[in-house]
Each structure stands twice: as structure tokens, then as C-alpha cells.
Amino acid sequence: MVVNPQFLDTDAIRKDFPILQRTVHGDKPLVYLDNAATSQSPQQVIDTIVEYYSLHNANVHRGIHVLAEEATALYEGARDKVAAFINAGAREEVVFTKNSSEALNLVANVLGWAEAPYGIRPGDEIVISEMEHHSNIVPWQLTAERIGAKLRWFGITDEGRLDLSNLNELINERTKVVSLVHVSNILGTVNPVETIVKRAHEVGALVVLDASQSAPHLPLDVQALGADFVAFTGHKMLGPTGVGVLWGRRDLLEELPPFLGGGEMIQTVTMEKSTYAGLPHKYEAGTPPIAEVIALGTAVDYLNGIGMDKVAGHEHAITEYALGRLQEVEGLRIIGPATNEDRGAAISFVLGDIHPHDVGQVLDEHGIAVRVGHHCARPVCVRFGIPATTRASFYLYSTPAEVDALVEGLDQVKQFFGV
Amino acid sequence: MQLESMYQEIILDHYRHPHHKGLREPFASQVHHVNPTCGDEVTMRVDLKGDVISDISYESQGCSISQASASVMADLLIGKSVEQAREVQETFLRLMQSKLDGPEFAEEHEEVLEDAVAFAGVAKYPGRVKCALLSWMAWKDATAQALDDTESGVKA
Ligand SMILES: Cc1ncc(COP(=O)(O)O)c(C=O)c1O
């Protein structure tokens, strides 16, 4: 990935984000460095939700009145936007879910239920990695346990990279599916998708990519990536909560069985048996999160307005600066790649013996929001022999001044705990 | 600053120099509790002589609040009867549920809570209440198990 590290005009961008204007704990400006957990929304996204409920609210695909038609057009319009955003081959390949977790559960379940050649059978192998979010571990554990398949995983190197030394042994003729995080939410590592896809397809395995931390931050081209399924979540890309996306290759989605049953996903229903709707509705049972989907479309517009290459460039520049500043802090150890190659804008660290909970509490007192804990990736903490980390994560509105505030805050933490 | 209301000097002292830490023999029961949101863990042993708590020992990993809480608790409960200790535990639980009224509640119940009044400021940080309660819940669980075992032992 080639990125041009260049800061965006954050003064202008920040004006679009009302929450970034607020203060916390009295008069402290908010320094929001928890973007890997959830991002903030620009006024445009907020307005979309207000406008939808003020003017267009109706159920989609189910009415012939004006509101139903408007709502349906807006909803399907958002699908077009998302499809273009990730360069999907067809709009039908974009399925709206509740979040990444649901998208990943969908794939793990339907691959478990499917007939040959895609169905996972006893003795088949599923490959994940030690740096997955729990959302890309637990669904596969459930499927593997239910079927009697074997779950295997890539390890992590000391530098926080995927350990590829046993690639050809790990992904072999028994492998049915490889499910991997594109960018780690705890380590910040950008994984070598191309290498994995090449090997997986060599042995006939499907590839699922958890793009929760990449879709918001870099240009994503699902056709170029070559994966078979890609999952991401709206609330990490300036959108609202309650909406996620599963992109899947059309021939696969057509062939695989449905996930949830209900309204909207059927063609005809008799008391004995049903036939299913075509894509993408086959995978969208029940009333979807309509306002949220439409607002996600606005978030995509906003990101396109800036340009995803520029977003990636800004984050590369801010990560470079943050890696440098943080490594000047005595006693601080970065967990994950300490250099900026193939790296996203989430930086985890430990500060001496001070527990991350205590670090986060003192930072919060100074208005600095970070995440502390195991970040739903507990195996990573176990791998590095630490109970938890403190994580700062940046986005298109993050500034070098916020990095400086973090570094100052860490000095206060050390003072407070007397180290 | 607000922070000092949570991080009382007594809490920081116990955090830096925890009392009764380390797993000891003999013990009547042992439990392992975790706080799944932050990964804090405690292994706790309780020993009873009749209805007196003769020892509480533990191994734990976590933030200053959870570490200090285990230390203060062991100080308070060792040597008490199970009944007295339960009263302290229940009062501490109520203190942690008192939200903004922590300081008043602590003052009212200072006789029962003793050094544990230092945690009054924690009650207003919902994210940290679980840290403070981790070892107390582990103790409650371990003591119930120890009593169950002695009862079934008596019957057998
Ligand atoms: C890498 C990764 N995968 C999956 C998820 C789950 O996203 P959601 O909670 O929206 O389903 C997250 C977010 O926490 C994540 O960072």
C-alpha cells in the first residue's frame, strides 16, 4: 500500500463534528483518541437521521405509498454508495447487517450449514489468527465445535506481525476457510492479505476478511483484495451504530443457505416450505436499520468528499508523529509494530507497571479519551504477557496537538503514581 | 482535582504495599474470579476455624483499585466471625452502589467499614465499581463454598 503522509486541514474538518467542540470534566476540551472503538459523526450524518425521521420514515420494500417509496429509494441508494465505496462488482453483493460481529457470525454459520463444496465438515480446518477480535474468534469456535472441525491459527511475532513462517503448513488441503483481520484493532498491524489469499485459494479455501479497522481508514477495493467475504461496521467509519456490512462474492452468496429467516428474505411461503428472495434480500430478514443504513451512506459521502487516500495519508502522518512522541516517554513500551510500515492508526502501549485502567482514569481526568483493557483481543495480551494495554487510536480529525496532549497526560499519570 | 477523591492515599499505599498477598496453606476453599471487561483476575483462598475467618490469601492482577481493595478487605476480615464479615461485605457492596452519596454513606457506616471508607470516592465511577468489588465477591463465593464443605463434612 502506497500512502502519501500528509496532514489534512483538521481545523476545517473538526467544525463538522459537533461532539469535538464539547468539553468534559468542567472546562477540559475533549481529546478523543478512542476511534478504534467507535468514531464520531459529522453533522451531515446526524442531519440525515433527523431528516429521515422528520420526512421519509416508512418501512422499506413493503408499501406503495409515497413515504415507503422514498424510504426504499434512500435505503437502496445507500447500498449503491457502499458498493461503490468498496468497489464491489455488483450492488447485490452488499448485505446490511447489524455490525461486523453479525456479518462474521453470518458467514461462520452459513458455511457450517452449507452443502458441498463450501460446507465445513468434521475434520476440516478453519484458520484464524491470534490477533483476531473476539468477533472473529468466537463464531468460528462455535462452528468448529458444532461440526467437529478443527480451529487453527497464525501466531504473532515479537514485533506484532502475523507469523507467516508456517503459512504453507497451516493453510493446507484440509483448510476450508481462512478468516483474518485486515488491520488489527489492538496492534495496529496491517496484514498481508495478498499472501494469505494466494495461498488459501491455491488449496481451495475461502477467505473472510475482517475489515472493521480498514474500511474506515484506507481505500478498500474488494475486487483487488481478492477475498471472498469482507465484513465491516458503520459506527467506526463516521456512521451510526446498528449497521454493518457484509460483502460477499455473488456466486457464493447465491449458493449458500440463508442465515436468519423472516420477512423480506422470502419469495413465497407455504406452511410446509419457503423459497428465498434473491440477493441481497435473502440475507436481510426483517425490518432493517433503515435510518442507520441511509446515514451510513452519508458517512460514505463524507469520506469520499475528503478522499480515502487522503484519510490514509493523514493517519499515516499522525501515526508517524505519535510513534515518535510516545517512544520518547520513559518506561513506555509499544505493543505492536513500533515503526510505521504496514501500520494503522491504533497504538497500544504499556506504561511501566502502572495498570492501563489507572492510566486511562488519569488521562480521562485531563479530558483525554483512550481505551484500556484487552480490546476484545485477549489472546494478544496473553501472547505478550500483559494483562491489558492502553490504546490511542486516531482518525481523520485527529491532530498532532492531541498527540502532544496525550504525551503530557502520560507524564501526569507517572507523577500521580509516583514513578 | 476529582481524582484524589478516588485515589485516596490509603488506596495508593495498599496498592504499592499489599497486605496478606500470596497464596497460603491451609485453606478451606479456593476460587478464581475475573472481571471480563478489563481482564482483572484474582485467585482467593479462605480458611475457617469454627466460624472465624482464620486466613484470607490471594494472588491477583489488576489496577490499583482492585489490588488495594483485596488488601484492605483481607486486613478487615481476617479474625472476624463469618457473620461479622458478611456484614462488612454487605455494607461495602452498598457503599459501591451508593453512586454520588458514597461519602455520606461511608461516614454513616464508618464503624463497620473501617479503612474501606477510603473507597467511597470510587462509587461515583461506574466503570471502576467492579474493580473494587472483584475480591469482595470472590471472598463471598469462597466463604460460601468453605461453609458448604464443612456442613457436608459434618453430615458425612
Ligand atoms: C477488528 C475488529 N473486528 C470486529 C469488531 C466488532 O465490531 P462490532 O462490535 O461493530 O461488531 C471490531 C470492533 O470493536 C474490531 O475492531
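Proteins come first, then strands; the chains are lettered A, B, ... in the order of their sequence lines, and each starts at number 1.
Ranked by non-hydrogen atom pairs under 4.5 Å with chain A, the options B:G127, B:C131, B:S64 are led by B:S64. Note: A:D358 leads A:V359, A:D364, A:D358, A:V372 in heavy-atom pairs under 4.5 Å with chain B.
Residues that satisfy the salt bridge (Lys or Arg N to Asp or Glu O under 4.0 Å) test with B:D55, not counting sequence neighbours, are B:R24.
Side chain to side chain, A:T233 and A:N99 fail the donor-acceptor criterion of an N or O pair below 3.5 Å.
Contacts from residues 10-18 of chain B to chain A, taken as heavy-atom pairs separated by less than 4.5 Å, involve B:L12, B:Y15, B:R16 in sequence order. Residues of residues 130-145 of chain A placed with any heavy atom under 4.5 Å of a heavy atom in chain B are absent; none qualify.
A salt bridge links A:E328 with A:R325: at least one charged nitrogen is closer than 4.0 Å to a carboxylate oxygen. Salt bridge annotation for A:R383-A:D163: absent, with no cationic side-chain nitrogen under 4.0 angstrom from a carboxylate oxygen.
Side chains of B:I65 and B:M6 form a contact here, defined as non-hydrogen atoms less than 4.5 Å apart. At least one side-chain heavy atom of A:K414 sits under 4.5 Å from a side-chain heavy atom of A:D411.
B:E41 touches chain A through its side chain: at least one heavy atom from C-beta onward sits under 4.5 Å away, while N, CA, C and O do not.
Atom-to-atom distance recorded for B:E110:CD and B:D115:CG is 9.5 Å, nearest 0.5 angstrom. The OG atom of A:S39 sits 5.0 Å away from atom OH of A:Y397, with the distance rounded to the nearest 0.5 Å.
The distance between the ring centers of A:F417 and B:Y7 falls below 6.0 angstrom. Proximity of the aromatic rings of A:Y395 and A:H217 is defined here by a centroid distance below 6.0 angstrom, and this criterion is met.
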Could you list the donor-acceptor pairs under 3.5 angstrom formed between side-chain atoms of residues 384-392 of chain A and any protein atom two or more places apart in sequence or on another chain?
residue, atom, partner, partner atom, Å
A:T389, OG1, A:S348, OG, 3.0
A:T389, OG1, A:H375, NE2, 2.6
A:R391, NH1, A:N185, O, 2.9

